[in-house]
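The block underneath contains the structure these notes are about, expressed in structure tokens.
Starting from 1, each residue takes its place in the sequence as its number. Here the structure is a predicted model, which means the values were calculated and not measured.
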Amino acid sequence: MMRAAIRRLCGPVAATLILAQGLALAGMDEHAARRAHVLGLMDSSSALVLHSAEIQMRSPDANYRFRQESNLLYLTGENRPGLTLLIAPRGIHVGDTLAHIVLFVNPAADDGALSLRPVADGITVHIQRFHDVFAQILPEISTLYASSFSPAFMADWLNNRPMFLERESRKELEKKYPNLKVKNATPLVAQSRVIKSPWEVERIRASIAATGEGLRKAMELCRPGIREYELQAAIEYEMMRRGASAPSFPSIIGSGPNALILHYEHNYRTAAAGELVVMDVGAEIEGYAADITRTIPVSGTFSSEQKKVYNAVLHAHDSIIASVRVGMPWSDLDKVARRVLAAEGFEKFWKHSVSHHLGIDVHDVGKMDTLRAGMVFTVEPGVYISEKDTTVAPGFRGIGVRIEDDVLVTERGGVVLSEAIPREAREIEKIMRKSKR
Ligand code: GLY
Ligand code: MN
Ligand code: MN
């Protein structure tokens with residue numbers, strides 16, 4: 001921790017507070033507090049450089065919707081192309097000014113529709129100055145943390161071609177500066193991202209609430225003959241009218257046999273009476289993801305075999321959530337799922353681990369070692385029985401069930417942020433029945 005550097009930056013009171021991760025610092029905005037925290041994790045011989053995501057072409061003259069590189073979004077809140085953030089605990093000279101944080105902006109890269117917040121804890125300058133500033137800092141440092149978002153994401157300041165974590169250009173940089181090691185920035189920034197601030201939890205809650213409204217609407221609309229994409233459209237409509245900029249990942253609406261395909265996203269099929277539909281969806285609001293799965297019977301009522309599988313998965317789900325404690329090894333979550341599904345006779349139909357971090361990314365960064373207060377993660381056990389599986393009675397064949405909720409770790413255990421979204425079989429049946437009257 002560079003206490004002296006941070007003290008210079010934000011005064012002695014803030015410097016003490018920075019030590020407590022997850023606290024928004026008194027008098028500092030959320031993103032400045034994050035930058036101060038990451039700065040405090042770096043040693044004086046290192047620098048961090050992050051560049052905006054590249055605009056990706058979808059077809060001639062049409063681009064994919066822009067989405068910021070996640071570490072840069074975390075540290076600036078700016079969802080725009082053309083930004084480069086440089087952080088260095090030893091200080092960066094830009095002309096006569098010395099700063100620890102410099103945000104380079106390229107106004108030409110951006111349509112100007114969104115106003116940019118200059119960094120109050122550093123300086124904001126034109127991208128033209130990047131070359132000189134960066135050239136000055138490289139000989140002075142031994143570690144450069146750079147983003148690994150895309151190998152082609154940063155113009156090569158050495159040779160004007162794509163560089164950074166592209167292996168060749170990284171080597172080239174290390175050859176030119178023999179004392180320099182180029183490292184992936186994500187593990188560094190993840191140490192901060194892994195614990196969510198109250199501000200972040202609020203955004204995740206908003207995304208979850210929008211997702212929940214979408215799932216309710218889908219439960220109401222679902223009937224035999226509905227297309228998977230109709231359910232997708234209804235869910236995404238409800239999410240977007242509540243402020244989602246996009247789904248946080250491609251919506252998965254898998255009916256019948258498609259319920260067994262984990263990252264199915266064609267969503268083209270017609271759902272038939274007697275089948276289940278797995279709906280794994282999430283809104284993204286202000287850059288924060290939800291990730292929720294509900295499995296519903298197309299005709300509004302679970303068969304007895306479907307209900308047996310559903311309740312086994314729900315039992316595993318509830319048991320995992322009830323086990324959540326600060327200090328618990330992450331791997332214990334899978335052990336709880338395994339124990340319950342084994343007792344219910346469905347262990348061999350379980351195909352994936354039951355959780356991942358959730359935040360700016362739907363599969364958010366951070367070690368999955370020990371549960372700590374402020375972490376947000378998914379709980380998502382599932383059972384998937386092949387149509388061809390002759391080891392089970394015919395009524396069980398082709399059943400795929402997943403139930404996924406989003407959980408905040410607190411000192412008092414797990415808080416289910418998606419508690420309000422119906423998950424009991426009889427609640428789902430009730431909603432489906434009521435809407436058909
Ligand atoms: N939606 C992808 C997942 O649940 O991990
Ligand atoms: Mn999911
Ligand atoms: Mn998930």
Determine, for [X] against [Y], whether the closest basic-nitrogen to carboxylate-oxygen distance falls under 4.0 angstrom.
X      : Y      : result
Glu275 : Arg269 : yes
Glu427 : Arg423 : no
Arg34  : Asp121 : no
Glu213 : Lys217 : no
Glu200 : Arg193 : no
Asp364 : Lys196 : yes

Has the side chain of [X] got a donor or acceptor atom that lies under 3.5 Å from a matching backbone atom of [Y]?
X      : Y      : result
Ser46  : Leu144 : no
Asn267 : Ser251 : yes
Arg80  : Leu114 : yes
Asp334 : Val354 : yes
Thr295 : Val401 : no
Asn106 : Ile127 : no
Thr76  : Glu78  : yes
Arg402 : Glu380 : no
Thr124 : Val119 : yes
Glu228 : Ala271 : no

Review point. For Lys351, does the NZ atom sit with more than 12 other heavy atoms under 6.0 Å from it, leaving out its own atoms?
Key: yes
Point to revise | Asp132 side, atom CG; His93 side, atom NE2 - distance, nearest 0.5 Å | key: 14.0 Å
Check your understanding: Taking atom CD of Glu286 and atom CD of Glu284, what is their separation to the nearest 0.5 Å?
Key -> 10.5 Å
Review point. Which pairs count as ring pair (Phe, Tyr, Trp, His ring centres under 6.0 Å) when at least one residue sits in residues 178-201, sequence neighbours excluded?
Key: His31-Trp199
Exercise for review: Sort and list the pairs that fulfil ring pair (Phe, Tyr, Trp, His ring centres under 6.0 Å) and have at least one residue in residues 355-376, not counting sequence neighbours.
Suggested key: Trp330-His357, His356-His363
Taking C-beta and beyond as the side chain, do [X] and [Y] meet within less than 4.5 Å on heavy atoms?
X      : Y      : value
Ser142 : Lys181 : no
Met328 : Thr370 : no
Ile321 : Val416 : yes
Leu83  : Gln68  : yes
Asn258 : Ile252 : no
Thr293 : Met279 : no
Leu75  : Val38  : yes
Cys222 : Val277 : yes

Quiz question: by atom type and distance under 3.5 Å, do the side chains of [X] and [Y] form a donor-acceptor pair?
X      : Y      : value
Ser70  : Asp361 : yes
Asp332 : Ser323 : no
Arg90  : Ser44  : no
Tyr384 : His352 : yes

Contact summary for [X] and [Y], nearest pair of heavy atoms:
X      : Y      : answer
Ala337 : Trp350 : CB-CZ2, 4.0 Å
Ser192 : Leu41  : N-CD1, 4.5 Å
Ala234 : Leu221 : CB-CD1, 3.4 Å
Asp406 : Thr378 : OD1-CG2, 3.5 Å

Point to revise | Verdict with reasoning, Asp291 to Val362, per side-chain contact (heavy atoms from CB on, under 4.5 Å) | key: CA-CA 7 Å; Asp291 184 11; Val362 64; 3.6 Å; yes
Practice item. Test Glu404 against every option in Asp280, Ile421, Val379 by the side-chain contact (heavy atoms from CB on, under 4.5 Å) rule and name the one that passes. Key: Asp280
**Study point:** Derivation of the side chain to side chain donor-acceptor pair (under 3.5 Å) call for Ser197 and Glu30
**Key:** CA-CA 9 Å; Ser197 70; Glu30 173 80 15; 2.7 Å; yes
Practice item. Using salt bridge (charged side-chain N to carboxylate O under 4.0 Å, His left out) as the criterion, list what pairs up with Glu202, not counting sequence neighbours. Key: none
Point to revise | Ile123 vs Leu103, side-chain contact (heavy atoms from CB on, under 4.5 Å): CA-CA, chis, key distance, verdict | key: CA-CA 6 Å; Ile123 57 174; Leu103 183 64; over 6 Å; no
Exercise for review: Starting from the C-alpha separation in whole Å, work towards a yes-or-no answer on salt bridge (charged side-chain N to carboxylate O under 4.0 Å, His left out) for Asp405 and Arg294.
Suggested key: CA-CA 9 Å; Asp405 281 287; Arg294 290 293 179 265; 2.8 Å; yes
Exercise for review: Mind checking ring pair (Phe, Tyr, Trp, His ring centres under 6.0 Å) for Tyr264 and listing every partner two or more places apart, or none if nothing turns up?
Suggested key: His266
N/O donor to acceptor pairs below 3.5 angstrom from side-chain atoms of residues 59-66, sequence neighbours left out:
none

**Study point:** Residues Phe104, His131; criterion ring pair (Phe, Tyr, Trp, His ring centres under 6.0 Å); working and verdict
**Key:** CA-CA 11 Å; Phe104 299 88; His131 183 283; over 10 Å; no
Review point. Between Val102 and Val125, does a side-chain contact (heavy atoms from CB on, under 4.5 Å) hold up when you go through it step by step?
Key: CA-CA 7 Å; Val102 182; Val125 296; 3.8 Å; yes
Practice item. Apply side-chain contact (heavy atoms from CB on, under 4.5 Å) to the pair Val133 and Ile92, showing each step before the final yes or no. Key: CA-CA 7 Å; Val133 170; Ile92 306 157; 3.3 Å; yes
Return all side-chain donor-acceptor pairs below 3.5 angstrom for residues 204-211, not counting sequence neighbours, or 'none' if the list is empty.
{"unit_1": "Ser207", "atom_1": "OG", "unit_2": "Arg203", "atom_2": "O", "d": "3.4"}
{"unit_1": "Ser207", "atom_1": "OG", "unit_2": "Ile285", "atom_2": "N", "d": "3.0"}
{"unit_1": "Ser207", "atom_1": "OG", "unit_2": "Tyr288", "atom_2": "O", "d": "2.7"}
{"unit_1": "Thr211", "atom_1": "OG1", "unit_2": "Ser207", "atom_2": "O", "d": "2.6"}
{"unit_1": "Thr211", "atom_1": "OG1", "unit_2": "Ala283", "atom_2": "N", "d": "3.0"}

